[in-house]
Amino acid sequence: MHSARKKPRNLLARVLAVLAALLVAALAGVALAYPSLAATTCPGCYGLTRLEDSVYTEDGLSDAQQAQVKQTIAEARNRITAFYGSQTSTPTLLVCVTEGCYERIGGGKERGIAVLNRAVMLSPRGLDPVVASHEMSHVELHTRLTSGAEVPQWFDEGLAVVVSDDPRYLAPKTTEDRCLASPSGPLPATLDEWLSTASKDANTYAKSACQVSRWLHANGDRTGLLSLIEHLNTGTPFASLVSPA
């Protein structure tokens, strides 16, 4: 009787051990296949330490480097707030000051990237308020789209250029029409289309920013955007709210 009672316990222990091993293997697989996702979930697992709320960076930075990171993030947050009137998103920010760090967390040739519209990774080349606020704009927009509504990629990217006030793709604010390159046809709507088009046409960002800036100007800027988001959240299709230029 005594040994019979132990068998279920031994079986349960074995099952739990197998499940634990499978979980570890699954997590390891995610870390290998999607290091950026794993890094934003566990920054410390990739050698990053907390600098301030929601901001993680490499260990051992000098005081000057820490100050640069803090200033960059503060200015980027100010751009988000200045455009929207407030910031509702709180993305996890992974900031690298060396290329080795950025490669380790899954970064590539880009200056920065928004990860699943909930976190942002910045490379040493993206340690700039323009790049930081561009990526943070993606997170802010999708945080406000509480219904899970989608917008075309050109609108998402063009809006990020406007929010970040990127001088590479927009004329100064003192110019009534800020366009540097006007769109001459349909702009890429999906991420795959965007990546393909942008890799071939250097003006894709400028064209998208042009179309978004013109729409904003014609629709009350912030008021128009917040109204657009509200309508999208109630189920109104984007195409019925924003007409192509």
Side-chain angles (χ1 to χ4, degrees), residues 22-61 65-66 68-70 72-77 79-80 87-145 148 150-154 156-157 159-161 163-164 166 188 190-199 204-205 208:
L22 290 174
L23 178 59
V24 170
L27 292 175
V30 170
L32 288 173
Y34 307 103
S36 57
L37 176 59
T40 57
T41 303
C42 180
C45 299
Y46 287 77
L48 302 181
T49 58
R50 180 181 175 278
L51 182 62
E52 58 184 27
D53 286 346
S54 303
V55 180
Y56 297 84
T57 189
E58 297 167 74
D59 195 15
L61 297 188
Q65 288 173 319
Q66 292 184 25
Q68 182 186 11
V69 172
K70 290 180 179 179
T72 296
I73 299 305
E75 291 183 15
R77 286 171 173 163
R79 295 191 185 206
I80 300 294
Q87 183 176 359
T88 61
S89 60
T90 54
T92 299
L93 305 171
L94 307 186
V95 184
C96 287
V97 298
T98 65
E99 293 293 346
C101 164
Y102 197 60
E103 291 174 4
R104 188 167 63 251
I105 64 175
K109 301 296 183 181
E110 71 281 345
R111 297 187 179 192
I113 191 170
V115 181
L116 297 181
N117 293 315
R118 67 177 183 83
V120 168
M121 301 188 338
L122 296 177
S123 75
R125 293 159 282 109
L127 195 52
D128 175 273
V130 172
V131 177
S133 57
H134 179 111
E135 302 307 332
M136 291 165 67
S137 172
H138 294 311
V139 181
E140 181 68 19
L141 174 62
H142 288 271
T143 298
R144 289 174 178 268
L145 290 172
E150 295 290 337
V151 298
Q153 196 68 28
W154 66 261
D156 199 346
E157 294 291 350
L159 180 62
V161 172
V163 172
S164 64
D166 196 328
T190 68
L191 179 58
D192 286 343
E193 290 173 349
W194 177 269
L195 294 174
S196 176
T197 303
S199 66
T204 304
Y205 278 97
S208 298

**Prompt:** Can you name the residues that form a salt bridge (charged side-chain N to carboxylate O under 4.0 Å, His left out) with E75, not counting sequence neighbours?
**Reply:** none
**Item:** Pairs where residues 36-54 contributes a residue and the test salt bridge (Lys or Arg N to Asp or Glu O under 4.0 Å) is met, not counting sequence neighbours
**Value:** R50-D53, E52-R77
**Message:** For a quick test of reading the model, state the closest non-hydrogen atom pair linking A39 to I105 and the distance between them.
**Reply:** CB-CB, 3.8 Å
**Asked** side chain to side chain donor-acceptor pair (under 3.5 Å) with Q87: which residues, sequence neighbours excluded?
**Response** none
**Item:** Results of side chain to side chain contact (heavy atoms under 4.5 Å, CB included) for Q153 - residues two or more places apart only
**Value:** E157, L191, W194
**Message:** To check you understand the geometry: which heavy-atom pair defines the closest contact between G106 and M121, and what is its length?
**Reply:** C-CE, 4.2 Å
**Request:** Just jot down the side chain to side chain donor-acceptor pair (under 3.5 Å) partners of Y102, sequence neighbours excluded, or say none.
**Result:** E110
**Complete:** Sequence neighbours excluded, the answer for ring pair (Phe, Tyr, Trp, His ring centres under 6.0 Å) partners of H138 is H134
**Item:** Sequence-distant partners of T143, side chain to side chain contact (heavy atoms under 4.5 Å, CB included), two or more places apart
**Value:** T88, S89, V139
**Asked** Tell me, which pairs form a salt bridge (Lys or Arg N to Asp or Glu O under 4.0 Å) where one or both residues lie in residues 111-120, sequence neighbours left out?
**Response** none
**Request:** Only pairs at least two apart or in different chains count here, so list each salt bridge (Lys or Arg N to Asp or Glu O under 4.0 Å) that has a residue in residues 126-141.
**Result:** E140-R144
**S196 side chain vs E193 backbone, donor-acceptor pair below 3.5 Å** = no
**Contacts of type side chain to side chain donor-acceptor pair (under 3.5 Å), residue Q66, not counting sequence neighbours** = none
**R104: partners by salt bridge (charged side-chain N to carboxylate O under 4.0 Å, His left out), with sequence neighbours left out** = none
**Asked** What pairs with T72 under side chain to side chain contact (heavy atoms under 4.5 Å, CB included), at least two apart in sequence or on another chain?
**Response** Q68, L127, P129, A132
